[in-house]
Amino acid sequence: MNIFSEYQALVGRILGEMLARGDLPAGTPVSGFSVEPPRDPSHGDLATNAAMVLARPAGMKPRDLAERLVPELRRQPDVATVEVAGPGFINLRLRQGFWQERLRDVLRAGTAYGDSRVGAGRRVNVEYVSANPTGPMHVGHCRGAVFGDALAALLEKAGFEVCREYYINDAGAQVDVLARSAHLRYREALGEQIGAIPEGLYPGDYLQPVGAAMAKVHGDAWRGRTEAEWLADARHFATDAMMALIREDLALLGIRHDVFSSERDLHERGRVDHALEVLRSKGLVYEGVLEPPKGKLPDDWEPRPQLLFRATAFGDDVDRPLKKSDGSWTYFAADIAYHLDKLERGFTEMIDVWGADHGGYVKRMQAAVKALSDGRAALDIKLCQLVNLLDNGQPVRMSKRAGSFVTLRDVVEEVGAGVVRFIMLTRKNDAPLDFDFAKVREQSKDNPVFYVQYAHARVCSVLRNAREAFAGDAGMLAALEDGGLLSVEVSLLDHPAEIELARLVASWPRQVESAAEAHEPHRVAFYLYDLAASFHSLWNLGKDQAGLRFINPENRGLTLARLAMIRAVALVIASGLTIMGVEPAEEMR
RNA sequence: GCGCCCGUAGCUCAGCCGGAUAGAGCACGAGCCUUCUAAGCUUGGGGUCGCAGGUUCGAGUCCUGCCGGGCGCGCCA
């Protein structure tokens, strides 16, 4: 239940009734306004700009229109006060009991609190990770993987039906390089001296077991043969092995995909030719010569005729090649085929999560989707900026050339999957992110993972203490279970800090919806941090004023009400952490 | 040269399809431990939201132009 969208609907209904009664000028629209929490809490619980937005079309002054709405709003059962403020805001304050009652909603729903139906079961395809199958995953891939996975979970919570997809770039020159590199290791496994790995091949020793496996399966059947004889088989063998490696890495982070799509498979099934035919039938393909890029001319530039896609007709800067000058397909052509495949599987909402270095590619892909779907499908592309790996503020050296890059496995084994996932979501996707080993190992407020986890663990701890304090009291112990807490007297929670906490808890459904609609899972992390801070603050109030402690042995009703409140906090934290893919901690060690 | 992203407190960053007096953490100053875990809390100072225009009842948010930083720029994926 998103309180704000419910009140938006309510205000709309009221405006409609007023219009029908002639209390508003005919033609006044009854939509287009918002109901939001005011930035300054002293203004109330909800604020609407309806009077200001509708004043002009109604031909009225904003404050006059507001004054007409006020009595209607005052009539609503949960509304305590209504005020017109500033240029024409209408500020509502709800009964205290309304907020207290929301805590019961949380206990009833459990971690399903915040589940929304705004997605209305619409199918969304989220493509993420898509690391090239040429080696194990390194930290650079990690951010997109976590981002995509959390976004998918967020969309599911908001009521979308999500397909999590991985695109395997298992075609093209890099895969040949992989196959040759693995073949070299194969010869090594058969006892040959291979010496230094030649320039242009992958040097990483993760290929040794692949070579050994090749030797085991194929014996010396590939020895003394020409490359043409073994290359295709070696490609399959090596990419399969790399994908197995990548799946293991993803499993370390708790990431899974529903569908793995293969670029090679698109070629083999004729899907690329099919995509070309679709574009051709729309008259969007032609043979032409591209202008050289302005400013920086490549050394070996020569004008050559190529098969081009008319991307400029859909907002791109230049038309884009579908075939290289030697007649083979470009990567873009396969990617068009891939997105057409998604469209033909019925997806009209797609999200691609890419690295920031692919930024130059966004327009052409969106142009292609527009062209293929005649503008009926939406493709959102989320670019993830780089992760700066630091240790105590000092950059961690990585040299991919020397094969000494920091792998995802290294990082997960060092700090744990939950920490990695949380930290990766503490920035907007389009802002660079620092990942400091020293900081994430630290157990302090400086470390947001710890801070949020500590709030959850603290609730668990208080509940444990309560069970101990009332150990001899069977009725009380039963009342401490979630089912028992449902029937507590929530009206006893009348301290301003308690109401404030209840408000924050009750805003979780709205947070879910707005984060999902914006495709911004990082908002979950920031909300959880706020919620944790609010809880820690209340916990500390109990230090100065013993009467505010959660457990009051001499007042069982109050104790139960407060435990219900903090249990609700823990459930919402758990709900948010689940979206982020982080296991909530029962206690801190 | 062109395109995309970014520019908010000394530092790192939030700011929810424009909304009221711009927020948090760190750092700095002052306080709180016979405690439901001080692994925490309270409190003070600190801002021309890069610059200049524009749009309107209202701009950190939208538009234009500059300045500064990052990424990318046929036949790499």
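Chain A is the first sequence line, chain B the second, and so forth, proteins listed ahead of strands; every chain is numbered from 1.
Checking B/rA77, B/rC36, B/rA20 against the side-chain heavy atoms of A/I551 singles out B/rC36 as nearest. Side chain of A/R304, nearest nucleotide from B/rG15, B/rC75, B/rA20: B/rC75. In this structure, of B/rC41, B/rC36, B/rA14, it is B/rC36 that holds the atom nearest to the side chain of A/F550. Proximity note for A/P321 (side chain, C-beta onward) versus B/rG15, B/rU37, B/rG74: the nearest is B/rG74. Here B/rG72 is the nucleotide among B/rA77, B/rC32, B/rG72 with the atom lying nearest to any side-chain atom of A/D357. When distances are taken from the side chain of A/H522 to each of B/rA20, B/rG19, B/rA14, the shortest belongs to B/rA14. Of the candidate nucleotides B/rA77, B/rC16, B/rG74, B/rG74 has the atom nearest to the side chain of A/Q306. Picking from B/rG40, B/rG7, B/rU42 the nucleotide with the shortest atom distance to the side chain of A/Y454 gives B/rG40.
Checked against ring pair (Phe, Tyr, Trp, His ring centres under 6.0 Å), A/Y166 has the following partners two or more places apart in sequence or in another chain: A/H257, A/F260. With sequence neighbours excluded, the residues that form a side chain to side chain contact (heavy atoms under 4.5 Å, CB included) with A/A564 are A/L107, A/L485, A/V488. Considering only residues two or more places apart in sequence or on other chains, A/D40 meets the side chain to side chain contact (heavy atoms under 4.5 Å, CB included) condition with A/S42, A/H43. Residues that satisfy the side chain to side chain contact (heavy atoms under 4.5 Å, CB included) test with A/A533, not counting sequence neighbours, are A/Y451.
A stacking contact links A/F89 to B/rA20: the aromatic ring centre lies within less than 5.5 Å of the base's six-membered ring centre, and the planes differ by less than 30°. Residue ring and base: A/H43 counts as stacked with B/rA20 (centre distance below 5.5 Å, interplanar angle below 30°).
Near-neighbour residues of RNA chain B inside residues 525-532 of chain A, defined by a heavy atom below 4.0 Å, number-ordered: A/F526, A/Y529.
Although no hydrogens or angles enter the test, the distance criterion places a donor-acceptor pair under 3.5 Å between the side chain of A/Q174 and the main chain of A/N169. Of the possible polar contacts, one joining the A/T330 side chain to the A/P321 backbone as a donor-acceptor pair under 3.5 Å is found.
Distance noted for atom P between B/rU48 and B/rC6: 23 Å (whole Å). Taking atom P on both nucleotides, B/rG29 is separated from B/rG19 by 37 Å, rounded to a whole Å.
Applying the 3.5 Å distance criterion, the base of B/rG60 shares a donor-acceptor pair with the side chain of A/R39. In the interface, the side chain of A/H358 is paired with the base of B/rA77 through a donor and an acceptor atom under 3.5 Å apart. Within 3.5 Å, no donor on the side chain of A/R458 pairs with an acceptor on the base of B/rC36, nor the reverse. Within 3.5 Å, no donor on the side chain of A/N49 pairs with an acceptor on the base of B/rA20, nor the reverse. Judged by atom type and distance alone, A/D317 does not reach the base of B/rG3 through any side-chain donor-acceptor pair under 3.5 Å. With hydrogens and angles left out, the side chain of A/R523 and the base of B/rC16 share no donor-acceptor pair within 3.5 Å.
A cation-pi geometry, defined here as NZ or CZ lying under 6.0 Å from the six-membered ring centre and within 45° of its normal, holds between A/R310 and A/Y286. Cation-pi check for A/R320 over A/F332 is not met; the charged atom does not lie both under 6.0 angstrom from the ring centroid and within 45 degrees of its normal.
The ring of A/Y527 has its center no closer than 6.0 angstrom to the ring center of A/Y529.
Helical stems of RNA chain B (runs of at least 3 Watson-Crick or G-U pairs, donor-acceptor distances under 3.5 Å) are listed by first residue: B:1-7 with B:67-73, B:10-13 with B:23-26, B:28-32 with B:40-44, B:50-54 with B:62-66.
The phosphate of B/rC75 (OP1 or OP2) has no side-chain N or O of A/K323 nearer than 4.0 angstrom. Residue A/K324 places at least one side-chain N or O under 4.0 Å from the OP1 or OP2 atom of B/rC76.
In this structure, A/R271 CZ and A/Y338 OH are separated by 12.5 Å, a value rounded to the nearest 0.5 Å.
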